[in-house]
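For clarity, every value in this text was computed on a predicted model and none was experimentally measured.
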Amino acid sequence: MSRTILFDEYTSVIRDRAAAANGQTVAVNLVGGQTLTGTHAYASAAATYPAGGIDWPTVLTVTVSTKAHTVRLDHVSSIGQG
């Protein structure tokens with residue numbers, strides 16, 4: 001199995017958890033050890049290719065107080081309830 005496949009499987013798990021927690025208060029643990037706790041936003045959009053597909057963003061947003069933080073999915077180690 002190549003590293004690319006493992007990376008894709010890992011980000012798929014994070015993506016699924018992010019989609020399930022959309023709009024909730026969460027603790028997002030980052031790979032470097034930092035944690036962001038706040039309101040989480042992550043949602044799919046209808047894809048223009050192929051017809052009926054889904055576009056998943058490669059980033060999620062966590063709003064802490066009034067500041068929005070954009071985080072790449074591959075920088076997230078876990079997402080839990082805040």
Checklist outcome for this item: In terms of heavy-atom contacts, N22 and A41 come closest through OD1-CA, 3.3 Å
Checklist entry - Would L73 and R15 satisfy side-chain contact (heavy atoms from CB on, under 4.5 Å), going step by step from the backbone distance to the final call? => result CA-CA 7 Å; L73 290 182; R15 179 197 68 210; 4.1 Å; yes
Checklist entry - Is a side-chain N or O of R72 found less than 3.5 angstrom from the main chain of V59, in a donor-acceptor match? => result no
Checklist entry - Can you find a heavy atom in the side chain of L36 that is under 4.5 Å from one in the side chain of Q34? => result yes
Item to check | Least distance between heavy atoms, S77 atom then Y10 atom | outcome: CA-OH, 3.2 Å
Next on the checklist: Restricting to non-hydrogen atoms, name the atom on A68 and the atom on T61 that form the minimum distance, rounded to 0.1 Å.
Outcome noted: CB-CG2, 3.9 Å
Next on the checklist: When you group the ILVMFWY residues by side-chain heavy-atom contacts below 4.5 Å and let the links chain together, are V31 and V62 in the same group?
Outcome noted: no
Checklist entry - Quick one: do the S78 and N29 side chains pair a donor with an acceptor below 3.5 Å? => result yes
Checklist entry - Does any non-hydrogen side-chain atom of V71 lie less than 4.5 Å from one of V76? => result yes
Item to check | Pairwise distance CD1(I14) to OG1(T58) - rounded to 0.5 angstrom | outcome: 14.0 Å
Checklist entry - Roughly how far apart are T25 OG1 and Q81 CD, rounded to 0.5 Å? => result 9.5 Å
Checklist entry - Can you check whether T37 reaches V28 side chain to side chain, under 4.5 Å on heavy atoms? => result no
Next on the checklist: Main chain of A18, side chain of H40: is a donor-acceptor contact present, judged purely on distance under 3.5 Å?
Outcome noted: yes
Checklist entry - Hey, any chance V64 and L30 share a hydrophobic cluster, counting ILVMFWY side chains that come within less than 4.5 Å of each other, even indirectly? => result yes
Next on the checklist: Can a donor-acceptor pair be found, under 3.5 Å and without considering hydrogens, that links the side chain of Y42 to the backbone of P57?
Outcome noted: yes
